[in-house]
Amino acid sequence: MNRFLDLADFSRDEVKDLLGLAARLQSHPDPQALAGKVLGLLFLNPSLRTLASFQSGMMRLGGSVFVVTPGQGTWQLETRNGAVMNGAAAEHVREAVPVLASYCDAIGIRMFAEGKNLEADMTETQFKMMADLCNKPLVNMESAMNHPCQALADWYTMDELKVPERGKFVLSWVNHPRALPLAVPSATVHMAALRGMEVVVLRPEGYALPAPIMEKARQAAVSSGGSLRETTDRGEALAGAHVIYAKEWGSPLHYGNSEAEAKLRGNLGDWCVTDSWFKTAAPGSHFMHCLPVRRNVAVADEVLDGPRSVVVREAYNRMVVQMAVLYKMFRSNSGQSRGRRS
Ligand code: CP
């Protein structure tokens, strides 16, 4: 495997193999597997889990890591092609990325959506530009429209919890003080569809996920024997749910227009998950969220502190599955991998 950019680059069986490798490394640690290897991590946006879990996972496999967060002890980086660099940024990614790549054996990059132009963000213009600058194995640590490491960890978590593969998975929009990117909902809806689940996207008017995101997930559902639909009817969506996965995202109708978006969101304060959301859920249902989460805005304390919440487990499993990704990337980088972009 040379690149881990999108779960859609792998078949369902390939994902299951990767999850099997994660389980094996979890039960049978291999502390020298990546001795002598160096992983570089470039964060153009903040993180807690991704930052810590990649470092911890790499060290648990015997490898080494360096982290670069531009503007925090390193030069601020310019990302715009053709920019006249007379502002704060002292260095362009066109030099910085190849330089960093030359110091390591694989690199992870986090670069969120610009949030100005939906079409540009949908086509991953920025992340593709960064990927083209990098001649080393590359991991997507969250781009404009994808978060494959989160999706993989969430699949692993559901397997651990024995959530039925044909179970009902409700991805619900929840409230947030500002419009957040589409990366996690996009990756999540695809992941659950590829797992073969009955996927329901629950959201208020104006928050439908863009058609290409739904279409990509629909194709995954067809290939896996699952299904996908969306609704604004909370009662209907939550009935019989095995998993309620909450996520905040901005309205695609007002992409890049924070004022209009805030107005639309103004009366949606009741889109905060409470225990009452689970009244008609399946017995033993679970609550999931990728974190970070705003307590009592997106999700009530009673849910996050209650027995249904598996959010800390999901975060722990980020490390578990990323160890498998790194292991496969470093150890089987000789053509055995069947990832379609490998
Ligand atoms: N879920 C997730 O990616 O968390 P961080 O933004 O803290 O890395």
Side-chain angles (χ1 to χ4, degrees), residues 4-7 18-19 22 39-60 65-72 106-115 121 124 126-127 130 138-158 160-161 169 171-192 243-250 273 286-295 297-299 303-304 309-326:
F4 187 72
L5 306 182
D6 183 347
L7 223 52
L18 204 47
L19 296 173
L39 174 68
L41 303 176
L42 174 58
F43 283 91
L44 289 116
N45 306 98
S47 169
L48 186 149
R49 279 143 291 277
T50 308
L51 176 69
S53 60
F54 265 108
Q55 292 182 81
S56 180
M58 189 62 183
M59 290 187 283
R60 283 169 192 269
V65 195
F66 66 80
V67 177
V68 173
T69 49
Q72 295 173 37
I107 190 163
I109 297 178
R110 165 166 282 198
M111 191 174 194
F112 289 172
E114 273 196 302
D121 284 341
E124 297 278 18
Q126 293 278 91
F127 196 87
M130 299 290 273
L138 174 65
V139 179
N140 179 350
M141 300 198 301
E142 190 173 339
S143 60
M145 292 292 155
N146 225 315
H147 199 353
C149 297
Q150 184 66 51
L152 194 63
D154 290 337
W155 186 325
Y156 189 84
T157 303
M158 286 195 282
E160 264 191 335
L161 295 168
F169 183 97
L171 170 66
S172 178
W173 184 89
V174 286
N175 191 25
H176 193 273
R178 61 188 179 83
L180 292 192
L182 294 161
V184 171
S186 173
T188 302
V189 74
H190 174 268
M191 173 277 297
V243 170
I244 300 176
Y245 192 114
K247 187 66 193 91
E248 314 80 351
W249 66 86
V273 183
H286 300 288
F287 172 76
M288 299 181 76
H289 189 286
C290 66
L291 302 182
V293 67
R294 301 259 183 159
R295 280 176 171 251
V297 174
V299 187
V303 175
L304 287 165
S309 176
V310 295
V311 298
V312 174
R313 192 77 200 168
E314 289 174 81
Y316 171 75
N317 283 336
R318 288 289 305 278
M319 182 186 73
V320 174
V321 299
Q322 287 159 197
M323 285 170 70
V325 170
L326 294 171

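Quantities reported herein were computed from a predicted structural model and do not represent experimental measurements. Whatever order the structure lists ligands and atoms in, that order sets their numbers, starting from 1.
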Ligand 1 versus Leu51: contacting region, heavy-atom distance under 4.0 Å: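 Contact part for Leu51 vs ligand 1: neither.
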Counting only heavy atoms, which portion of His289 has something under 4.0 Å from ligand 1: side chain, backbone, both, or neither?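 No part of His289 is near ligand 1 at this cut-off.
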List the closest protein heavy-atom neighbour of [atom]: residue, atom name, distance to the nearest 0.1 Å.
atom                   : value
atom 4 (O) of ligand 1 : Arg49 NE, 2.9 Å
atom 6 (O) of ligand 1 : Arg110 NH1, 2.9 Å
atom 3 (O) of ligand 1 : His147 NE2, 2.8 Å
atom 7 (O) of ligand 1 : Leu48 N, 2.7 Å

Mind listing the closest non-hydrogen atom pair of Gln322 and Ser53 along with its distance? NE2-OG, 3.0 Å
For Asp121 and Ala113, the nearest pair of non-hydrogen atoms, with its separation, is OD2-CB, 3.4 Å
So, using side-chain hydrogen bond (donor to acceptor under 3.5 Å, both in side chains) as the criterion, who are the partners of Asn175 when residues are at least two apart? none
Can you list everything that forms a salt bridge (Lys or Arg N to Asp or Glu O under 4.0 Å) with Arg110? Sequence neighbours excluded, please. Glu142
Any side-chain heavy-atom pair of Met191 and Met158 under 4.5 Å: yes
Do Leu138 and Phe127 have side-chain heavy atoms sitting under 4.5 Å apart?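 Touching, per the 4.5 Å side-chain cut-off.
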Return a yes/no value for Leu291: is any of its N or O atoms, backbone included, closer than 3.5 angstrom to an N or O of ligand 1? yes
Nearest option to atom 2 (C) of ligand 1, as decided by whichever heavy atom of Met141, Glu142, Arg318 sits closest: Arg318
